[in-house]
Amino acid sequence: MGIPTGVRISLVIPTVANLLLGALWILSAFGGWGAKAFCADAACAERMGGVITVSGLFAAVAACCTAAAWLPVKAHRDEGRFLLLTGAAVIAWAIAVGTLFIGGMIVR
């Protein structure tokens, strides 16, 4: 069943999704939200650093996809390419945040 012909998805929707997921990841990784949520001692917080590093790989992919979607002028004029890149970025951000959550549960 895909998107009906003639229906356009606003470019704002995936952009806002990327910004919100990116902000959530940054605050969880560097703002201390992840350590506060899962760790009560220093050893756990140290292990959480490893989880943040692994999660950072997915966050880097997401940031690169977002930059590739917005920086070249041709990219955001081509709606199909823009939606593909921002969609990939949303998925990568979700994996990065999910890795933080699952990793936090494991290191707990």
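We find the OG1-CG distance between Thr66 and Leu85 to be 8.5 Å, quoted to the nearest 0.5 Å. To the nearest 0.5 angstrom, Asp78 atom CG is 9.0 Å from Leu83 atom CG. The line from CD1 of Ile95 to CG of Leu21 is 11.5 Å long, rounded to the nearest 0.5 Å.
Applying the side chain to side chain donor-acceptor pair (under 3.5 Å) test to pairs two or more places apart or on separate chains, none has a residue in residues 97-108. Pairs of residues two or more places apart, or lying in two chains, that qualify as ring pair (Phe, Tyr, Trp, His ring centres under 6.0 Å) and include a residue from residues 84-108 are Phe38-Phe101. Legend: disulfide bond (SG atoms under 2.5 Å apart) pairs involving residues 77-108, not counting sequence neighbours: none detected. Within the structure, disulfide bond (SG atoms under 2.5 Å apart) contacts touching residues 20-61 (residues at least two apart or in different chains) are Cys39-Cys44.
A 6.0 Å sphere centred on CG of Leu19 holds more than 12 heavy atoms belonging to other residues, nucleotides or ligands.
Hydrophobic cluster membership for Val16: Val12, Leu20 (Ile, Leu, Val, Met, Phe, Trp, Tyr linked by side-chain heavy atoms under 4.5 Å, directly or transitively).
Contact detail for Pro14 and Phe82: the closest heavy-atom pair is CG-CE2, 4.3 Å. In this structure, Ala67 and Pro72 approach most closely via the heavy-atom pair O-CD, 3.7 Å.
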Which side-chain N or O atoms in residues 26-34 pair as donor and acceptor under 3.5 Å with protein atoms at least two apart or in another chain?
{"from": "Ser28", "atom 1": "OG", "to": "Leu24", "atom 2": "O", "distance (Å)": "2.9"}

Name the atoms and distances for all side-chain donor-acceptor pairs under 3.5 Å in residues 45-59, with sequence neighbours left out.
{"from": "Arg47", "atom 1": "NE", "to": "Val107", "atom 2": "O", "distance (Å)": "3.4"}
{"from": "Arg47", "atom 1": "NH2", "to": "Val107", "atom 2": "O", "distance (Å)": "2.7"}
{"from": "Thr53", "atom 1": "OG1", "to": "Gly49", "atom 2": "O", "distance (Å)": "3.0"}
{"from": "Ser55", "atom 1": "OG", "to": "Trp25", "atom 2": "NE1", "distance (Å)": "2.7"}
{"from": "Ser55", "atom 1": "OG", "to": "Ala96", "atom 2": "O", "distance (Å)": "2.6"}

